[in-house]
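Notes for the one structure printed next.
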Amino acid sequence: MFVPPATRSIALIDVNNFYVSCERVFNPKLVGKPVVVLSNNDGCAVARSNEVKALGVGMGAPWFKFKDLAKQHGIIALSSNYALYADMSNRVMSILRQYSPDQEIYSIDESFLDLTGFQSRDLIQYGQHMRQRILKWTGLPVCVGIGSTKTLSKLANHCAKKRPVFNSVCNFNTMSSDDLDGLLGQLDVGEIWGVGRKLAPRLQALGLNTVLNLKRASPERLRQQFSVVMEKTIRELNGTVCIELEEVPPDKQQIMSSRSFGQSVSDYNSLAESVTLYMSRAAEKLRKQESFSGSVNVHIRTSPFKPDDPFYSNSLTVPLPTPTDDTRTLVNVALWALKRIYKPNFNYAKAGVMLSEIVSAESVQTDLFSSSQSTLNSSDLMAAMDSINRKMGKDSIKLASEGFKRPWKMKQGNKSNAFTSSWDELMVVR
DNA sequence: ATCACGGTTTGCA
DNA sequence: CTAACGTGCAAACCGTGAT
């Protein structure tokens with residue numbers, strides 16, 4: 001007997017202006033004032049308070065470009081404090097976990113919850129309960145969007161944020177289809193999850209300006225012109241689940257670590273120090289997911305934003321004969337690659353490493369046991385390094401080649417304290 | 001024609 | 001110091017050479 005699939009209720013919970021809100025929890029003087037949080041190296045705006053958004057500062061705006069405006073309006077600019085944000089994120093996520101056993105942590109400030117099993121309740125009330133509890137227990141404001149697919153819940157969340165009528169919780173599933181389509185007809189097609197700055201103009205050129213336009217478009221035809229992703233988006237707008245909740249994040253297939261320098265560097269040694277540091281971080285991530293890497297990539301480049309400076313960008317990928325998780329091996333290969341692509345007399349602005357051809361530790365067990373004893377010892381050494389750095393703070397133990405002076409270290413002019421993860425910094429009065 | 005490949009582009013938070 | 005523009009992923013896409 002055919003049983004029609006029940007309508008799902010999927011919620012997307014998102015912290016408002018996450019980084020700014022975290023800073024405000026620990027410094028209430030920031031409340032009501034225009035505040036931005038800057039990216040690494042104090043480069044771009046990555047989080048903006050509503051006051052700053054109202055002044056026209058865009059997401060990703062370079063700090064030096066709106067510095068004057070900032071001075072004029074008293075915008076407070078803070079360096080990003082990822083240790084603090086990660087800790088606050090963990091608190092929010094574990095509270096949300098109490099509202100459904102089916103949770104996907106989508107990003108540092110966003111979580112999907114499958115509420116299909118709770119449909120006997122008033123889900124708007126349920127969402128308000130989440131909001132109040134998170135506000136009370138963490139001090140962070142969130143909005144809740146509910147729809148029958150992940151794509152719709154994202155849009156509902158957008159409406160919860162932008163339209164005061166919803167009072168921060170918007171459930172598409174309780175609206176009549178006429179009301180819903182009326183609302184979707186007012187939303188720009190670019191608001192859809194998966195439709196960004198490239199796809200939106202292409203859709204608009206076809207006369208598809210609103211979410212409703214795309215919802216009514218032919219998935220088959222648009223698949224020809226765009227991709228299978230576009231087809232899934234259209235079906236999801238019509239309530240057919242094409243993108244399932246991913247409760248256990250799959251292992252990474254590639255692991256990257258890269259950073260822009262505080263000041264440009266030209267000498268090989270500085271680049272080598274930074275590559276060593278980045279590889280140490282990448283290898284830690286690799287071991288955390290219990291994997292081995294079969295390929296190492298190193299890339300370096302000068303600044304693309306200085307037309308007067310000679311530009312140089314290059315990368316090299318080195319396949320490994322045997323997959324490994326040993327920092328020392330990975331660093332040696334990375335430095336070998338760096339030597340091949342390094343050219344003197346350029347002002348390098350950024351370097352990075354990438355691990356790929358990643359396989360689970362299990363699948364290389366046979367190699368592990370068949371190879372020499374030293375392989376096992378190296379694993380023990382890496383485990384010991386990770387454990388000490390976890391207990392004593394990162395960088396307690398590191399390879400000497402990471403360097404100690406680090407002239408290239410990134411700029412963080414105005415970082416707040418690690419209130420939640422360091423007793424020392426909690427006590428400092430600023 | 002079709003495939004595997006590697007590098008590039010796109011999108012997202 | 002007096003210029004200054006993030007990071008980390010996945011997947012689609014695309015050109016290329018091999019078959």
Side-chain angles (χ1 to χ4, degrees), chain A residues 12-19 36-48 57-68 70 77 79-80 82 85-86 89 104-112 150-151 154 157-158 189-203 223 225-233 243 246 249-264 278 281-282 285-286 289 295 297 299 301-309 313-319 347 349-358 407 409-413:
Chain A
L12 187 267
I13 299 93
D14 178 317
V15 183
N16 305 346
N17 311 333
F18 181 53
Y19 298 169
V36 284
V37 174
L38 302 174
S39 65
N40 272 346
N41 233 359
D42 291 345
C44 310
V46 288
R48 304 155 295 153
V57 175
M59 183 63 174
W63 167 233
F64 76 93
K65 279 194 178 176
F66 70 91
K67 205 169 185 174
D68 285 345
S79 305
S80 38
Y82 290 108
Y85 311 147
S89 174
E104 173 183 342
I105 297 172
Y106 179 66
S107 75
I108 191 160
D109 75 322
E110 282 178 82
S111 171
F112 290 104
K150 283 164 82 169
T151 302
K154 275 261 190 183
N157 185 278
H158 170 81
V189 74
E191 297 298 342
I192 299 169
W193 191 34
V195 177
R197 67 186 199 284
K198 290 286 180 184
L199 260 33
R202 285 180 61 196
L203 290 167
R223 180 186 180 143
Q225 289 191 52
F226 293 86
S227 74
V228 61
V229 177
M230 183 64 76
E231 180 188 0
K232 286 183 180 174
T233 297
I243 309 169
E246 279 184 359
D251 283 349
K252 304 291 181 223
Q253 300 171 39
Q254 23 173 309
I255 291 171
M256 259 184 69
S257 177
S258 73
R259 211 116 317 193
S260 301
F261 304 136
Q263 305 156 237
S264 67
Y278 304 156
R281 293 289 161 267
K285 291 187 207 173
L286 183 70
Q289 70 170 40
S295 173
N297 175 280
H299 58 273
R301 66 160 174 75
T302 59
S303 171
F305 302 106
K306 288 184 179 173
D308 300 337
D309 238 25
S313 169
N314 205 351
S315 75
L316 184 62
T317 303
V318 184
N347 295 320
K350 183 177 182 177
V353 303
M354 189 167 83
L355 301 175
S356 48
E357 304 291 312
I358 290 175
K409 214 177 125 208
M410 70 179 175
K411 286 186 287 198
Q412 288 196 309

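Sequence lines set the chain letters: A, B, ... in the order given, protein chains first and strands last, and positions in each chain run from 1.
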Selected nucleotide, minimal atom distance to A:F305 side chain, candidates C:dA4, C:dT7, C:dC5:
C:dC5
So, do A:M230 and A:L203 sit near enough that their side-chain heavy atoms are less than 4.5 Å apart?
yes
Quick one: label A:L199 by what it contacts on the DNA or RNA (base, sugar-phosphate, nothing), any heavy atom closer than 4.0 Å.
sugar-phosphate
Outer limits of DNA chain B sitting under 4.0 Å from a non-hydrogen atom of chain A, read 5' to 3', are B:dT10 to B:dA13
Return the value, rounded to whole Å, for the distance between atom CE of A:M354 and atom P of C:dT7.
16 Å
Over how many whole Å does the gap from A:R301 atom CZ to C:dT7 atom C1' extend?
11 Å
Heavy atoms only, 4.0 Å cut-off, all strands: where does A:I105 land among base, sugar-phosphate and nothing?
nothing
What is the separation between atom CD on A:Q254 and atom C1' on C:dG8, rounded to the nearest whole Å?
9 Å
Less than 4.0 angstrom between a side-chain N/O of A:R281 and OP1 or OP2 of C:dG8, yes or no?
no
Give the rounded distance in Å between these two atoms: CG of A:N347 and C1' of C:dA3.
13 Å
Heavy atoms only: give me the nearest A:E231-A:R223 pair and the separation to one decimal.
OE1-NH1, 2.7 Å
What's the closest nucleotide to the A:S260 side chain, out of C:dG6, C:dA12, C:dC5?
C:dG6
Between C:dG6 (P) and A:D42 (CG): distance, integer Å
10 Å
Can you check whether A:Q263 has a side-chain N or O nearer than 4.0 Å to OP1 or OP2 of C:dA4?
no
Could you tell me whether A:S80 contacts a base, only the sugar-phosphate backbone, or nothing, with contacts defined as non-hydrogen atoms closer than 4.0 Å?
nothing
Base, sugar-phosphate, or nothing: which does A:W193 touch, judged by heavy atoms less than 4.0 Å apart?
sugar-phosphate
Closer to the 5' end of DNA chain C via nearest nucleotide, is it A:P250 or A:K350?
A:K350
For the side chain of A:V46, counting heavy atoms from C-beta on, which of C:dG6, C:dA12, C:dG8 is nearest?
C:dG6
Interatomic distance where NZ belongs to A:K65 and P belongs to C:dA3 [whole Å]:
16 Å
Side-chain heavy-atom pair A:Y85, A:D109 within 4.5 angstrom cut-off:
no
How far, in whole Å, is C:dG6 from B:dG11 if one measures between their C1' atoms?
16 Å
Rounded to whole Å, please give me the gap between NZ in A:K198 and P in C:dC13.
15 Å
Determine the contact category for A:Y106: base if any of its heavy atoms lies under 4.0 Å from a base atom, sugar-phosphate if only primed atoms, P, OP1 or OP2 are that close, otherwise nothing.
sugar-phosphate
Distance, rounded to the nearest Å, where A:M230 contributes CE and C:dC13 contributes P:
10 Å
With no hydrogens and no angle check, is any side-chain donor or acceptor of A:E104 less than 3.5 Å from a backbone partner on A:E246?
yes
Parallel, tilted or perpendicular: which one describes the rings of A:Y82 and A:Y19, with boundaries at 30° and 60°?
perpendicular
Ignoring backbone atoms, test whether A:S258 places a side-chain nitrogen or oxygen under 4.0 Å from the OP1 or OP2 oxygen of C:dG8.
yes
Hey, does the side chain of A:E191 reach the backbone of A:H158 with a donor-acceptor pair shorter than 3.5 angstrom?
no
Looking for any heavy atom pair under 4.0 Å, which part of the strands does A:I255 touch: base, sugar-phosphate only, or nothing?
sugar-phosphate
State whether the side chain of A:K65 and the backbone N or O of A:C44 hold a donor-acceptor pair below 3.5 Å, judged by distance alone.
no
From the candidates C:dC13, C:dG8, C:dA10, the one with an atom nearest any side-chain atom of A:S227 is C:dC13
Please confirm whether the shortest side-chain N or O distance from A:K67 to OP1 or OP2 of C:dA3 is below 4.0 Å.
no
Both distances below 3.5 Å, Watson-Crick or wobble geometry, any strand: find the nucleotide opposite C:dC5.
none
Would you tell me if any nitrogen or oxygen in the side chain of A:K285 comes within less than 4.0 Å of OP1 or OP2 on C:dC9?
yes
G-U wobble or Watson-Crick pairing nucleotide for C:dA11 (cut-off 3.5 Å, both distances)
B:dT9
In Å and rounded to the nearest 0.5 Å, what is the CG to OG distance from A:N297 to A:S258?
10.5 Å
Of the candidates C:dC9, C:dC5, C:dT7, the side chain of A:R259 sits closest to C:dT7
Do A:S39 and A:N41 get their side chains close enough for a donor-acceptor pair, meaning under 3.5 Å?
no
Scan A:F226 against the nucleic acid and name what it touches under 4.0 Å (heavy atoms): base, sugar-phosphate only, or nothing.
sugar-phosphate
With nearest nucleotides of DNA chain C determined for A:K232 and A:S303 from heavy-atom distances, which residue corresponds to the more 5′ nucleotide?
A:S303
